2 protein chains.
Amino acid sequence: MSDAVAQYNPSISVDCVVFGFDSKNLKILLIDQNGDSLNDSKLKLPGSLVRKNRDLDEYADLVLKELTGLDNVFLRQLYTFGSADRISLKQDREWIEKTYSVSIRRIVSTAYYSLIKIDHSNEELMERSHNARWYNVSSVRTLALDHYRILTKGLEVLRMELRFNPIIGFELLPEKFSLRNVQTIYEAITGINYDNRNFRKKLGQAKYLTPLGEKQKGVAHKPALLYRFDKEKYFNTRKEINLFYI
Amino acid sequence: MSDAVAQYNPSISVDCVVFGFDSKNLKILLIDQNGDSLNDSKLKLPGSLVRKNRDLDEYADLVLKELTGLDNVFLRQLYTFGSADRISLKQDREWIEKTYSVSIRRIVSTAYYSLIKIDHSNEELMERSHNARWYNVSSVRTLALDHYRILTKGLEVLRMELRFNPIIGFELLPEKFSLRNVQTIYEAITGINYDNRNFRKKLGQAKYLTPLGEKQKGVAHKPALLYRFDKEKYFNTRKEINLFYI
DNA sequence: GCAAAAGTGTTATGCCTACACCCATGC
DNA sequence: GCATGGGTGTAGGCATAACACTTTTGC
């Protein structure tokens, strides 16, 4: 993304809602627009203008790769924001014009959402090179541009998806996790508190959770058994849902 | 959409997947690219390039209004198609360049889907002024550009939506309909055959179906009772779905 | 009277919900 | 030994799934 500015299309951008989970809270990766802690600084979603004749999807991939160093992460299109007045603040407009050296009118932005297994090893890199950091989703109140709206849409879709494609939850969990972790992530995303006996009973029926016969270590309570998510079994054993709701 | 071509943004278009229902089959509104029945003719989705600084949504509305004369129809964003090679056929590229007098590179297209109560009164108009006609979705095999893929996506989303927002089904039905109509539309969209006793039992629980005490007329069998969909009751009586699937 | 589609009830099964206590560990 | 979170079973109610015959109309 260091090519000559003339190649950028001043009409189209991609923005990424990057979700993570730290075993307690749902997190989102945000960038400090000004790169420092000036009073005027505002957080924004990672994103980029798109070069002419380039795939939108490819660009979303690129943004993520540059930001986190990660490849092959879960990434899916969310929604396209195309109102004429999305860049209403002068401050936002100036920031874009300065950053990309283009004069803009309206920018149509296609938003993607991504699910990341948070790995503390690359946090320092993210922060140094992109001023990117994880924030609790629940504590975010405003963002630059219309990015808060995009985040809201991301949450909405995440909630919907989780109900039917539990794989969404496991994309956020590390390789080894406890059943409690699964419940916590469901609760963090849906906002519903589940009865733990019933929740575990249901998970118990899932063929795709392989117990590792291994326990948590160094916790000051009964250590939890750890599980692994078996993608293959997941896709092979899922049954069609024929239900509908009135 | 008859303004000077220079105002069009050669990067962004909207395309509409317009669904209808004729009490038997799920239908889609398609346009004959060439306006006549030449051998080379291919069907496409209704759509348009978007003018600079105009809302995407507004444009989708406009396309529909021009096409059907209808206002305030159900219209929702579907997906944005942005691969670099979506206009792979020379024939398609030439058609676009000729129609809009612009030279194009890649076009990012935001697709919308719309649900229409088919009214035979405006069919002639649609056909004369836009070469638009209803086709059975199940008999469509190919379309111009990547429009078949867009249709497929539309169907996929329609299926998903119907399960949780039954309102989708009633957008396609006329004011007065029989319970059999409801079942047929569910079957047409989901591809599942429902047991009619169970299906009706479930519908019987819905508060939003008001019986009109009126019967079908002129049918060579036991006439069905007619119902009306009560939007207000629908939104007031729907209960939250807390379920999730493993 | 016959063809064609509308309409109707019961039973078995499985899923969801609600609910309270013991267990293993670190300090 | 105590604080902390992990882990467990049962019973009642409700929704689903499977299944076949009668009714009303037009011709």
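We name chains A, B, ... by the order of the sequence lines, and we start the count at 1 in each one. The shown structure was predicted, so the numbers you read here are calculated from the model rather than taken from an experiment.
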Enquirer: Tell me if the centroids of the rings in A:F170 and A:Y234 come within less than 6.0 Å of each other.
Expert: no
Enquirer: Grab the CG-P distance between A:D195 and D:dT10 for me, whole Å please.
Expert: 16 Å
Enquirer: Would B:Y113 and B:Y79 count as a close aromatic pair, with their ring centres under 6.0 Å?
Expert: no
Enquirer: Atom NZ of B:K239 to atom P of D:dA15: distance rounded to whole Å?
Expert: 6 Å
Enquirer: Can you say whether a donor on the side chain of A:N198 sits under 3.5 Å from an acceptor on the base of C:dA18, or the other way round?
Expert: yes
Enquirer: Any side-chain heavy atom of B:E127 sitting closer than 4.5 Å to one from B:E123?
Expert: no
Enquirer: Should the pair A:K202 and B:F244 be classed as cation-pi, given the thresholds of under 6.0 Å to the six-membered ring centre and 45° from the axis?
Expert: yes
Enquirer: Roughly how many Å is it from NZ in A:K222 to P in C:dC21, rounded to a whole number?
Expert: 17 Å
Enquirer: Hey, does B:K201 reach any base, or is it just sugar-phosphate, or nothing, if we go heavy atoms under 4.0 Å?
Expert: base
Enquirer: Using a 4.0 Å heavy-atom cut-off across all strands, classify B:R197 as base, sugar-phosphate, or nothing.
Expert: base
Enquirer: When the distance from CG of A:N242 to P of C:dC15 is rounded to whole Å, what number comes out?
Expert: 14 Å
Enquirer: Could you tell me how far apart A:F244 (CZ) and D:dA17 (C1') are, to the nearest whole angstrom?
Expert: 13 Å
